[in-house]
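Report on one structure; see the data block that follows.
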Amino acid sequence: MLDKTFDPKTFEKNFSFDMEASVRKPKAEPFMVLLPPPNVTGSLHIGHALCYTLQDILARYKRMRGFDVLFQPGLDHAGIVTQLLVEKQLYANGVEKGSLTREGLLKEIWFWKENSGGKILDQMKKLGVSCDFSRLRFTMDEGSKKAVTKMFVKLYEDGYLYRGKKMVNWDPLIGSAISDLEVIEKEIEGSLWHIKYRVKGYPDDIIVATTRPETLFGDTAIAVNPKDGRYRHLIGKEVIVPLTDRSIPVIADSYADPEKGTGAVKITPAHDFNDFEVGQRHNLPIIDIMNAKAELNDNVPEIFRKLDRFEARQKVVELLEKKGLIEKVESIKHKVPYGDRSGVILEPRLTYQWFVNAERLAAPAIEAVKQGKINFIPKHWENLYFEWLNNIRPWCVSRQIWWGHRIPAWYGPDGQIFVAETEKDAKKKAVAFYGKNCVELKQDDDVLDTWFSSGMWPFITLGWPDKTKELERFYSNMIVVTGFDIIFFWVSRMIMLGIYNMKKVPFPNVYIHSLVRDEKGQKMSKSKGNVIDPLDLCNTYGADAVRYTLASLASPGRDIKMNSRLVETGRNFLTKIWNVLRFAQMNGCTYNKDIDFSGIKHPVAQWIVVQVKKMVKDLEIALDNYRFDEATKIIYQCVWGSFCDWYMELIKPILQKTSLDSDTKEGYNLQQALLKKDIRDVTAWCILQFVRALYPISPFISKKLSGELGVTDMSWPDVDVIPESFNDSVRKVELMKEAISAIRSVRQFLHISVGDKLNVSFEIQDAEISAFISENQELLNRMAGVVLTENIGSRAVSIVVSGATLKVSIPNTVDIENEKKRLMMECNKLKKQRDDSVARLSNEDFISKAPADVVDEHKQRVEEMNEKIERFNFIIKGLETA
RNA sequence: GGGCAUGUAGCUCAGCGGUAGAGCACUACGUUGACAUCGUAGUGGUCGCAGGUUCGAUCCCUGCCGUGCCCACCA
């Protein structure tokens, strides 16, 4: 027997789903859920909770439907994030900055990973995520290393990968190139200095505006627009770079925009993307004035060397001012690139890096989505995908950090590159290349972008480069569920690398879930203090309620405004189901696996079984279409709206009365006993179906309740066993429901208290329904407080429902005028509806152009309304004469 | 500058070419045997604005306004 109160804490901890997650069904259709591997440093936030809940719903649902489901967990080594985190901890513990060797730091990070990493996995278990944890993968485990190295070599040998000196976004704190996608533009208040550059052999200065005066040491030209009359005469002249004695040319380039600044722009090819381009066009020298930490180097006058870029800026400005070389300073707002991870201002920097020719990989990736081999859900995300891939730039895959996959490239003494899977192979190549035996090779110091390995996730997890049976079965049969923010980082890379490496798309569907925001619609962030911790929610309301609520909010294409009160709704619903089973248990309902539907005769039982069947069918449609929100509503409506509000109330007399009778042995008869058994069977059967239907969404309580029913098997409800003939009962019960609601409504309207028993009589055309009503008159009594009577006195109100008119006696205290008002109101509503349809039907265009079924519908509506209105009028007339 | 999404009840959101929906909130009434994490009945909406297409528009199209986001540029 269940406890009186529903407390998820008492049973959620008792369940683990490892067993079912690891079951393989070799003969069934394969289905894989490709879990986006969380960072090894990660801890579960609300976005993860949503993402994993949706994935887990799919995994469980597919398992229940008989698929061979692989739901494999993993962790991402998260290069930069992890290295920064461990370094920070080491420094905090007294390790001196820069004192660690590569090997030393890696040892520390591995140690950290083994002891403190992957906490999120336990948190996932708390949320009930049914991954097969026995197949946990790490993006830097041995298999991944092997795969990544092989992939790198393959790409290189196929000509997709090259090393080149290019300008990249450089993070001076990390000391590495970072991805263009990790550049965050922030608008800040800054200054625009107008600096005088002296023109050689010319009286006037040329004024150049810049936000970065410290970079003037790297200037190698001043550009003006050839069409700009102000400067035309200066083109070809030499100017002196302030604070130096270096002269640089004034060049003509359309890049200089006469509208911006002074129209003359300093060109610093080593420190600006656009300037680099200009420099290339004009063959300008490149003067790099900074080191990896963005301190000025030996290419600047001695007093500025070793200064940080901002200190240098201050000093440059001071000196310029002293020399009267600053014409004016403007305050401006401008956007500055920041590193997403480090939070510092980035520097464009010219360095040797490894690049993947992404354009070549992108073409088939674009094609695959265009041809519908891959579908985004919701579809509009495809626009974003196309937009990015159509404008894709070379993918810089090298990072100047230590934690990650070391680039399998070796250099000969002359810089010759040898790319190979092992050092031994590289040596062989070197020997062949140089034609001598003893060659000193040095491995590339850099590691690969973390997304390089993540991009291989669909086949790494399945064992590639080995030819595993999982790879054969699951590749191309998976679903990806993830946030829009990693469409570029992850989804598109998986598609590109997947098609390139496996010659077919990794997955046919990508579900993009919404962003979870706070209740005001703001992005959650630690600094704003508006973070909702899913684990807190789980502790308060239970993981099931959190999952249920997240699913209910997962409408496609709209961000989620999260609020812990919303979880209450979920919790309340689960409480309701808990109490449903408690009620059933108290009334001796046990699950009968041999239930024979053909023997179930009671219309109310038949009706609810039909409702459950409909629920299951609707649920299948919803889940097959990733409508998690619909799914929760469908279950809620059936359990609460149909089963609790009606079925349970309607069958209570049967369960409770007969149990009393059988206790006393008085009035006990076989018919009643059999009926009671049927109702008990149906009740338990329905609850089991609810529990199963709910299992993908809220597995803990489902498992608990099904256990109470003595069922451990969690297969999807089989509703095809329900006889079609049950549909006939729907009319009867629906009329009963309508009558009960109408009587209750009248009661409230006329302020007749529930205690007052009223008499009621029915006028029903349909004999079967009529018989059903009189056979079940005690239900009317119980639910609406009315007693079926042949002759009702003249003090009565009439109620018009579909297919019947009811007369209900009313006490003397009730004001007849009120009743008239009520009837008129009801009647006017009907008239309005009728007139609307009549108006349409009198429109010839409507008759000729609207579809026949719509026209018929309106004709029928007019008839129905007229019939009801007639009955109303009759009643109102009667009331007036009374 | 280019693009995407979004605007429906007080709030959070479904829906959709053919009679505007749910949950919460609110109002009234109720409840000692499944459940107050409850029940019953109600109140509440020119579906952002303006045009157009259509027999018919909340839904499709165009424009505008508001909101959120993405990309690009910025001397």
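Numbered from 1 within each chain, the chains take letters A, B, ... in sequence-line order.
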Whether the Thr683(A) and Tyr647(A) side chains hold a donor-acceptor pair (N or O, under 3.5 Å, no angle test) is what I'd like checked.
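A pair is found: one side chain offers a donor N or O, the other an acceptor, under 3.5 Å apart.
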
Both distances below 3.5 Å, Watson-Crick or wobble geometry, any strand: find the nucleotide opposite [N].
N	answer
C73(B)	none
C55(B)	G18(B)
C49(B)	G63(B)
G23(B)	C11(B)
C4(B)	G68(B)
G44(B)	none

On a whole-Å scale, what distance lies between the [atom1] atoms belonging to [N] and [M]?
N	M	atom1	result
A28(B)	C70(B)	C1'	50 Å
A14(B)	A41(B)	C1'	24 Å
G44(B)	G3(B)	P	44 Å
G56(B)	C71(B)	P	44 Å
C29(B)	U43(B)	C1'	14 Å
U12(B)	C26(B)	C1'	16 Å
U58(B)	A50(B)	C1'	15 Å
A25(B)	G68(B)	P	29 Å

Quick check for you: among [options], whose closest atom lies nearest to any side-chain atom of [X]?
X	options	value
Lys633(A)	G68(B), G2(B), C13(B)	C13(B)
Arg517(A)	G68(B), A75(B), G18(B)	G68(B)
Arg558(A)	U8(B), U12(B), C55(B)	U8(B)
Arg861(A)	C55(B), U19(B), A75(B)	U19(B)
Leu384(A)	C70(B), C35(B), A75(B)	C70(B)
Arg744(A)	U19(B), U37(B), U40(B)	U40(B)
Lys335(A)	A34(B), A72(B), A75(B)	A72(B)
His858(A)	U37(B), G18(B), A34(B)	G18(B)
Phe484(A)	U19(B), C70(B), A28(B)	C70(B)
Asn572(A)	A75(B), C38(B), G3(B)	C38(B)

Could you state the atom-to-atom distance from [atom1] of [X] to [atom2] of [N] in whole Å?
X	N	atom1	atom2	answer
Met825(A)	G42(B)	CE	P	10 Å
Glu259(A)	C73(B)	CD	C1'	15 Å
Glu649(A)	U40(B)	CD	P	8 Å
Lys186(A)	C73(B)	NZ	P	19 Å
Arg782(A)	U40(B)	CZ	C1'	14 Å
Tyr636(A)	U37(B)	OH	P	14 Å
Leu515(A)	A5(B)	CG	P	17 Å
Phe386(A)	A5(B)	CZ	P	14 Å

Considering every strand and a 4.0 Å limit on heavy-atom distances, what is the contact class for [X]: base, sugar-phosphate, or nothing?
X	result
Asp257(A)	base
Arg627(A)	sugar-phosphate
Val754(A)	nothing
Glu519(A)	nothing
His380(A)	sugar-phosphate
Ser848(A)	nothing
Asp645(A)	sugar-phosphate
Lys266(A)	nothing
Ala209(A)	sugar-phosphate
Asp836(A)	nothing
Trp640(A)	sugar-phosphate
Ala584(A)	nothing
Lys561(A)	sugar-phosphate
Arg747(A)	nothing

Do any side-chain nitrogens or oxygens of [X] fall under 4.0 Å of OP1 or OP2 in [N]?
X	N	value
Lys849(A)	C55(B)	yes
Ser555(A)	A14(B)	yes
Ser741(A)	A41(B)	yes
Lys576(A)	G39(B)	yes

Would you call the rings of [X] and [Y] parallel, tilted or perpendicular if under 30° counts as parallel and over 60° as perpendicular?
X	Y	value
Phe488(A)	Trp388(A)	parallel
Trp640(A)	Phe573(A)	parallel
Phe11(A)	Trp578(A)	parallel

N/O donor-acceptor pair under 3.5 Å between Glu12(A) side chain and Ala543(A) backbone
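The answer is yes, because a donor-acceptor pair under 3.5 Å joins these two groups.
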
Is the Trp381(A)-Phe484(A) ring centre distance short of 6.0 angstrom?
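Yes - the distance between ring centres of Trp381(A) and Phe484(A) falls below the 6.0 Å cut-off.
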
On a heavy-atom basis, which atom in [X] and which in [Y] lie closest, and how many Å separate them?
X	Y	value
Pro213(A)	Arg313(A)	CG-CG, 3.8 Å
Glu738(A)	Ser802(A)	OE1-OG, 2.9 Å
Ser514(A)	Arg558(A)	OG-O, 2.8 Å

Charged N to carboxylate O under 4.0 angstrom, Lys633(A) versus Glu630(A)?
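Looking at Lys633(A) and Glu630(A), the cut-off is not met.
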
Is it the case that U37(B) (base atoms only) and Glu568(A) (side chain only) share a donor and an acceptor within less than 3.5 Å, ignoring hydrogens and angles?
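Side chain to base: no pair present.
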
